[in-house]
Amino acid sequence: MSQGLNPAQHNAVESQARFLRVLAGAGSGKTRVLVSRAAWLIGSQGVSPYRLLAVTFTNKAAAEMRTRIESLCNMNVRGMWVGTFHGLAHRLLRIHWRDAGLLEEFQILDADDQLRMIKRIHKDHNITDTDFTPKLSKWYINSEKDAGRTPAEVGECNDRQAQLLHQVYSTYQKQCEQSSLVDFAELLLRSLKLLQNNPEVSALYRHKFQHILVDEFQDTNSIQYQWLETLLGEATSLTIVGDDDQSIYGWRGAQIQNILGFADSFAGTETVRLEQNYRSTATILAAANAVISQNQNRLGKSLWTEGDAGQPIGLYAAYNEQDEAKYIVDQIKQHKEQGKHYKSQAILYRSNAQSRVLEEALIYGRVPYRIYGGLRFFDRAEIKNTLAYLRLIGLTQDDAAFERVVNFPTRGIGDRTVQIIRERALRDDASLWVAAESLIAQGSSSEGLKGRARNAVAAFIEMIRSFQHKAINYSLSELTSFVIFEAQIDAHYNKEPHEQKQSKLENLKELVSATQSFDHLAQMTPEDKWFDPEMVNEPLFEAHRNQAVSPSPEVQVTVNQSLVAFLEHVALESGERQADAFEDAVQLMTIHSAKGLEFPIVYLSGMEEGLFPSQMSMQDSSKIEEERRLCYVGITRAEEYLLLSHAEVRRIYGEERRTRVSRFVREIPSECIQEVRLGSITRPSTLGNRSLASEAFASSSSGYAHFSNNQAATTSGSQGAVSSDDESYLTLGTNVQHKIFGEGVILALEGKGARQRVQVNFKTAGSKWLMASIAQLETV
DNA sequence: TACGGCCAACTTTTT
DNA sequence: GTTGGCCGTA
């Protein structure tokens, strides 16, 4: 099972050290080592698969690890403790919900609903955006939780803002507990508190787990570290795998110190470095090594390969971002002609805002593409609204869900009425649902709701109750269809304009079919789902089972387990937004989301100071180091060919700015780089180099001139679709000569025919907009 | 309740 | 240049 491993990998896999740190460079077979070690422990060391805890950050990594362990060990293991930090913490809370102070039906609050709750709290506390934004409160709450601090544990708040923030945190937390809602950070915080406050629970797991394996350790934050420490028993071994050079989530609380200082924290740590790279050419590795070696705060590693030098790294200096995009698209097409699939080519960028221009160029070049990181299916408003009904059915205390659907679709419960319900909830320390019920129950007394508002709220409550009733006998997918129809969600979207209506109704259908795969879970018990076979006989759970025999009064409805499972899935595992493996499309994504992926051909765009490194990081040397690590991640995504590009002029927030090439480009040894000044379409020509580039632009696809034309035509509505080719020698990047201003380069084109305007950047006269028909530009 | 107009803000993001 | 929030009007 450790066949085909290199010596370093072999040492890591079969290490006997209790504390093992594997520093795995990019492309050095990290996952393979982790999986082989797990398989070796189970297969050769006799460790029970249930006594192994393997933790990752993404569901994708967890799923991969699980299937690979299963195939290496040739077994199919249910209940293995392999998962994400959040998924495993959630599992602990599901098993020990009572000790964790939760309702059995507790639900997970996603980032969007968290922000909505905070906005509500800001309004109630009269905090305006000029004080601070809900986003800041969200950031504050999540960082406090990530540091392991409950509202009570936050230290002194010196200024007014800190006090207010703390107040928002306390109120938010109180409301979450009221509703038995757990946000992402709370999954970890609460399961940590569960272990800390219940010695018999932590003793169980500290004894149970003989080996803990952690992937991407450089990304762990403070609470994840504490969580691992708490699970670490006296005889538990800990293997961590990671790469300090790929720590790019410091801004989100990741503590690079966790991996840097690991050997100091755990005496006797063995460190194994994996430096042989199986992914990239020697040239790409030389560039990556050179860049990352500029960082001071690192353990130090140097990647090497037995492979060839490969092609030099391309460097393209574009005139502006359109030219940059155009060049990249041309290169993609050329590589495609040379037999490289679109899906093996990726365009990476520092910030999402950069994707638009690239997308436009791809559309006009008719190149299929796929963007990672847009709105996910379960984040769409129509889906979230429908899910909120399901949540309310499963847990009426869920105030976030209540707020979302109480007047959606509009049913005459206006803001005033909802405000009355909120005030009552506040007064009675109750959920919105209970408050609404009590207001209805008081009839038309002066205390309660009156007239139309009362009827509307009563009808709403009655409707949700009827759904709960259906939930007992309906399958989840039947229930979902029923809700969409009965709550008139479909009728609401049917009223919208055609294109939107179409896609929204299709999404609702898609939602129903997504629920179908959960229908078969209806009869599952929580124990089936969360326990592993070795836990069934645990004495600790006997007590809980006996408790469960006498039902507690707060249990309201027998919850359909497929509903619970589906909502968990949506909250914790809806994240993957990947291209289908068989779809041949160029991949577009931020460098952050490219981590862990690899592509034969990578275009690293926007290599400019202020963009990459980002303006926000340029003041602080530790932030610059993180940007540099990000650059290292970007470079090492490429297997065969890497192209770096930057624009000399870029539009940022609607303003054109001159740029300087990124310092990271200058940190790459010049012998690794070949500047590309033209599209490599070569053809016999008497034109100079620069004009050749222009030829390449003009020859492929319709070009930006036409794009601008189309825009002008649709906005003005008065022009025909016929394009005159009179001015077609004017394309982006063409070198032109003007009688008065001299030589310059075309930066942009607008309009067509007699009305065509061009922006030319003249060598001496600077940038000017000219009417093409008057300016009489000549190509050089 | 729904819209259009005006203003301010603006990295990176899995769970 | 695009988005989200707020406010006034039909």
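Just so we're on the same page: letters track the sequence lines, and every chain starts at 1.
- Separating the CG atom of D379(A) from the C1' atom of dT13(B) is a distance of 12 Å, rounded to the nearest angstrom.
- Environment of CD in Q226(A): crowded, with over 12 heavy atoms of neighbouring residues, nucleotides or ligands closer than 6.0 Å.
- With ring centers used as reference points, Y205(A) lies under 6.0 Å from H96(A).
- Checked for salt-bridge contact, E186(A) and K145(A) meet the test: a charged N lies under 4.0 Å from a carboxylate O.
- The residue S614(A) sits close to a base: some heavy atom pair falls under 4.0 Å.
- Between R252(A) and dT12(B) there is no side-chain N or O to OP1 or OP2 distance below 4.0 Å.
- Between the side chain of R350(A) and the base of dT11(B), no donor-acceptor pair of N or O atoms lies under 3.5 Å.
- Using a cutoff of 4.0 Å between basic side-chain nitrogens and carboxylate oxygens, E324(A) and R650(A) are scored as salt-bridged.
- By the rule that a glycosidic angle within 90° of 0 means syn, dT12(B) does not qualify and counts as anti.
- Under the salt bridge (charged side-chain N to carboxylate O under 4.0 Å, His left out) criterion, E229(A) pairs with no residue at all, not counting sequence neighbours.
- Heavy atoms of K119(A) sit under 4.0 angstrom from primed sugar atoms or phosphate atoms, though from no base atom.
- Between L611(A) atom CG and dT12(B) atom C1' the separation is 12 Å, expressed in whole Å.
- Screening residues 127-148 of chain A for ring-ring contact (aromatic ring centres under 6.0 Å, His included), with sequence neighbours left out, gives H122(A)-F132(A).
- Across all strands shown, S617(A) has heavy atoms under 4.0 Å from base atoms, whether or not it also approaches the sugar-phosphate.
- In this structure, D110(A) reaches neither bases nor backbone, as no heavy-atom distance under 4.0 Å exists between it and the strands shown.
- Contact of the Q615(A) side chain with the E609(A) side chain is not registered, since no non-hydrogen atoms from C-beta on lie closer than 4.5 Å.
- Remark: P of dT11(B) and CG of D620(A) are 18 Å apart, rounded to the nearest angstrom.
- For the pair Y249(A) and dT12(B), the ring geometry does not qualify as stacking, because the centroid separation below 5.5 Å and plane angle under 30° are not jointly satisfied.
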Atom pairs, protein N/O to nucleotides 1-3 of chain B N/O, distance under 3.5 Å:
residue: dT1(B); atom: OP1; partner: N407(A); partner atom: ND2; Å: 3.1

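- By the 5.5 Å and 30° criteria, Y653(A) is stacked with the base of dC10(B).
- Using a 4.0 Å cut-off, some side-chain N or O of N352(A) falls inside it from OP1 or OP2 of dT13(B).
- Of the listed nucleotides (dG1(C), dT13(B), dT15(B)), dG1(C) has the atom at the smallest distance from the side chain of R651(A).
- Using a 4.0 Å heavy-atom cutoff across all strands shown, E627(A) reaches at least one base atom of the nucleic acid.
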